[in-house]
Trainee: 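Sending over a structure as structure tokens; questions will come in a sec.
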Amino acid sequence: MDSGLIRLAIPADEEAIEYLTSIRGEDNLKVTPLMAKSLYPDKVKSNRHFTCATKGCDAPITCRSIKETHVNQPTFVNQSRVVNLHSKHCRHHPDNKVEDRKERPEESYAEHFDSGRTISGISRVNGFVPIAPMKKKAVDQKQRRKMLLIPEVKKEGESREKKGVVHRLRTLQQHAELFADDPDFRVINQSAGGDIPIREMFENIRSNVFYEDMLDKEKVMIYTGKAYLSETSNDKVIAVRFKDKIEVEGQAYRPSMIISRDYFMEEYEDIYEAFTNGNQYEFDVFTTLPFFMNGKYLNFSSYRTHEQINPFGEELYSNFYIR
């Protein structure tokens, strides 16, 4: 069940509503995922305490990766991954999904990169690397939240060519979110030879190559495809299996990403919950990692050495993302 991008939601906790009303007024309670994170856990008590921001729709929303300890940036997702709970008139109802979108969604992720140049940080030798935590400034908590909760107003006529502004896409998540919002958004990709639409950085998982062939590709790519969860013989890991089959020497294989169960439960609890409830939910996976033939299984390799990627390592976490 795909209801498209969810960029805004309304907190359900009374403390959060009172706080937002005090600084914005009662008619402006919508928050972005980053704003939701700033309200947690003082004003918002649970990542499940959100509802759809569409007027007249009360579908429950989860803010994924809301804690400071999470690896990914926060995002809004449907609390029910299998059954649609959005009202018929809601833009997030599956029947209202527009495939050929002519304009960006409200509070588009791409808007944050509209001024200046945007440079992709993807690397041929390691894909994406973990970002070191930024040193937190000693800012008053109330003032910090207020800055986050009052969005900056873009000046009329301001364009992408604003002098001196450079944005850097440092994570796989940033690339996937920007691609979802605006596939034609132009980024500077050194491995691709310069300025290209971000959609040219993405290919179906069927186009992926093996470790020994990855340096022969003209440019480093992000591979994507539908996948589902599957158990393994090791209860400390879980398998993310792609739907698409890959033919290797006349034999068809479904690629499988083996990943820490604890990490998956923490970062993608909505998907894991659907899985444990017996629902074979499918989701979109993004990765830069090359293939690795592991006996009779087609898995994924590390960039550093010709061996299966460590299911518990930061290299995997930095080069794997689910939308």
Side-chain angles (χ1 to χ4, degrees), residues 2-9 31-37 63-65 70-77 91-92 97-124 126-131 134 148 151-152 154 158-162 164-205 207 219-227 267-268 283-289 317-323:
D2 185 0
S3 58
L5 302 166
I6 301 176
R7 295 302 186 206
L8 296 167
V31 297
T32 64
L34 280 174
M35 292 175 183
K37 183 173 183 175
C63 187
R64 183 197 282 171
S65 302
H70 282 134
V71 173
N72 295 321
Q73 285 293 302
T75 53
F76 285 136
V77 295
R91 63 187 294 270
H92 296 300
K97 185 182 176 186
V98 180
E99 295 292 345
D100 185 18
R101 189 175 63 242
K102 299 299 182 184
E103 57 185 43
R104 293 175 185 168
E106 187 179 7
E107 190 59 36
S108 166
Y109 188 78
E111 288 179 358
H112 301 288
F113 304 95
D114 267 344
S115 59
R117 297 178 300 149
T118 301
I119 301 175
S120 170
I122 196 169
S123 164
R124 180 178 289 277
N126 50 26
F128 296 100
V129 296
I131 297 178
M134 290 183 66
L148 275 173
E152 180 182 350
K154 189 176 176 182
E158 195 174 80
S159 68
R160 285 197 69 198
E161 286 70 35
K162 187 175 178 180
V165 178
V166 176
H167 303 286
R168 298 189 185 275
L169 301 178
R170 301 182 186 277
T171 68
L172 177 55
Q173 180 180 7
Q174 288 177 320
H175 285 74
E177 297 294 341
L178 189 52
F179 170 64
D181 259 8
D182 189 350
D184 294 317
F185 192 95
R186 303 193 74 83
V187 299
I188 297 171
N189 182 343
Q190 302 300 341
S191 76
D195 186 285
I196 61 169
I198 196 168
R199 56 180 160 77
E200 293 185 9
M201 295 181 63
F202 291 79
E203 286 185 342
N204 186 276
I205 192 66
S207 299
K219 57 183 180 181
V220 59
M221 301 296 298
I222 297 170
Y223 300 100
T224 182
K226 289 286 186 185
E267 295 291 333
Y268 304 105
F283 42 86
D284 294 307
V285 176
F286 299 84
T287 188
T288 60
L289 297 169
Y317 303 158
S318 299
N319 289 282
F320 171 87
Y321 181 64
I322 294 176
R323 280 202 70 259

Trainee: Identify, with sequence neighbours excluded, every residue that meets side-chain contact (heavy atoms from CB on, under 4.5 Å) alongside Ala227.
Mentor: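 Ala227 satisfies side-chain contact (heavy atoms from CB on, under 4.5 Å) with Val240, Phe242, Phe283, Val285 once adjacent residues are dropped.
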Trainee: For Phe320, give me all partners under ring pair (Phe, Tyr, Trp, His ring centres under 6.0 Å), at least two apart in sequence or on another chain.
Mentor: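 Phe320 satisfies ring pair (Phe, Tyr, Trp, His ring centres under 6.0 Å) with no other residue.
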Trainee: State whether Lys219 and Glu203 are salt-bridged, where the test is any N-O pair (Lys NZ or Arg NE/NH1/NH2 against Asp/Glu carboxylate O) under 4.0 Å.
Mentor: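 Salt bridge absent between Lys219 and Glu203.
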Trainee: Rounded to the nearest 0.5 Å, what separation is found between the CD1 atom of Ile119 and the CZ atom of Arg170?
Mentor: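 Answer rounded to 0.5 Å: 9.5 Å.
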Trainee: Looking only at heavy atoms, what is the nearest atom pair of Pro33 and Cys63, with distance?
Mentor: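 Smallest heavy-atom distance, with atoms named: O-SG, 4.1 Å.
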Trainee: Within this structure, what is the CD1-OG1 distance for the pair Ile188 and Thr118, rounded to the nearest 0.5 Å?
Mentor: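 It comes to 8.0 Å.
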Trainee: Please enumerate all residues that pass ring pair (Phe, Tyr, Trp, His ring centres under 6.0 Å) together with Phe128, with sequence neighbours excluded.
Mentor: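 Counting only residues at least two positions away or on another chain, Phe128 forms a ring pair (Phe, Tyr, Trp, His ring centres under 6.0 Å) with His175.
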Trainee: Would you mind checking if Asp284 and Arg323 are paired as a salt bridge, meaning a charged N to carboxylate O distance below 4.0 Å?
Mentor: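 Salt bridge between Arg323 and Asp284, a charged N being under 4.0 Å from a carboxylate O: no.
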Trainee: Residues in salt bridge (Lys or Arg N to Asp or Glu O under 4.0 Å) with Glu200, at least two apart?
Mentor: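 None.
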Trainee: Verify side chain to side chain contact (heavy atoms under 4.5 Å, CB included) between Phe179 and Val187, making sure each step is shown before the conclusion.
Mentor: CA-CA 11 Å; Phe179 170 64; Val187 299; over 6 Å; no
Trainee: For Ser123, enumerate each residue passing the side-chain hydrogen bond (donor to acceptor under 3.5 Å, both in side chains) test, keeping only those at least two apart in sequence or located in another chain.
Mentor: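 Asn126.
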Trainee: Which heavy atom in Ala176 sits nearest to a heavy atom in Tyr321, and how many Å separate them?
Mentor: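 Heavy-atom minimum between the residues: CB-CD2, 3.8 Å.
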Trainee: Rounded to the nearest 0.5 Å, what's the gap from CD1 on Ile122 to OG1 on Thr171? Could you check?
Mentor: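 Between atom CD1 of Ile122 and atom OG1 of Thr171 there are 11.0 Å.
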Trainee: Going by the rule side-chain hydrogen bond (donor to acceptor under 3.5 Å, both in side chains), which residues pair with Arg199 if we only count those two or more places apart in sequence or in a different chain?
Mentor: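 Here the qualifying residues are Asp184.
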Trainee: Applying the side-chain contact (heavy atoms from CB on, under 4.5 Å) test to Tyr223, which of Leu289, Thr288, Ile205 qualifies?
Mentor: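 Among Leu289, Thr288, Ile205, the one meeting side-chain contact (heavy atoms from CB on, under 4.5 Å) with Tyr223 is Ile205.
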Trainee: Work out which heavy atom in Phe286 is nearest to a heavy atom in Thr224; give both atom names and the distance.
Mentor: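 So the two residues come closest at CE2-OG1, 3.5 Å.
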Trainee: side-chain contact (heavy atoms from CB on, under 4.5 Å) with Ser65: which residues, sequence neighbours excluded?
Mentor: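 If we apply the side-chain contact (heavy atoms from CB on, under 4.5 Å) test to Ser65, skipping adjacent residues, the hits are His70, Asn72, Glu267.
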Trainee: Applying ring pair (Phe, Tyr, Trp, His ring centres under 6.0 Å), can you list everything that pairs with Tyr317, at least two apart in sequence or on another chain?
Mentor: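 Scan of Tyr317 (ring pair (Phe, Tyr, Trp, His ring centres under 6.0 Å), adjacent residues dropped) gives Tyr263.
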Trainee: Does the side chain of Ser318 reach to within under 4.5 Å of the side chain of Leu172, using non-hydrogen atoms?
Mentor: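 No, every pair of side-chain atoms sits at 4.5 Å or beyond.
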Trainee: What residues form a side-chain contact (heavy atoms from CB on, under 4.5 Å) with Asn204, not counting sequence neighbours?
Mentor: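 Listed in chain order: Arg206, Asp244.
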Trainee: Is the backbone N or O of Gln73 less than 3.5 Å from a side-chain atom of Gln173, with the two atoms forming a donor-acceptor pair by type?
Mentor: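 Yes: the side chain of Gln173 pairs with the backbone of Gln73.
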Trainee: Thr287: what forms a side-chain hydrogen bond (donor to acceptor under 3.5 Å, both in side chains) with it, not counting sequence neighbours?
Mentor: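 Result, side-chain hydrogen bond (donor to acceptor under 3.5 Å, both in side chains) vs Thr287: none returned.
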Trainee: Let me know which of Val220, Leu178, Ile196 forms a side-chain contact (heavy atoms from CB on, under 4.5 Å) with Met201.
Mentor: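 Among Val220, Leu178, Ile196, the one meeting side-chain contact (heavy atoms from CB on, under 4.5 Å) with Met201 is Ile196.
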Trainee: Would you give the length of the straight line joining atom CD1 of Ile222 to atom CD1 of Ile198, rounded to the nearest 0.5 angstrom?
Mentor: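 Answer for the CD1-CD1 pair, Ile222 versus Ile198, is 6.5 Å.
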Trainee: What residues, two or more places apart in sequence or in another chain, satisfy side-chain hydrogen bond (donor to acceptor under 3.5 Å, both in side chains) together with Arg64?
Mentor: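 Counting only residues at least two positions away or on another chain, Arg64 forms a side-chain hydrogen bond (donor to acceptor under 3.5 Å, both in side chains) with Asp270.
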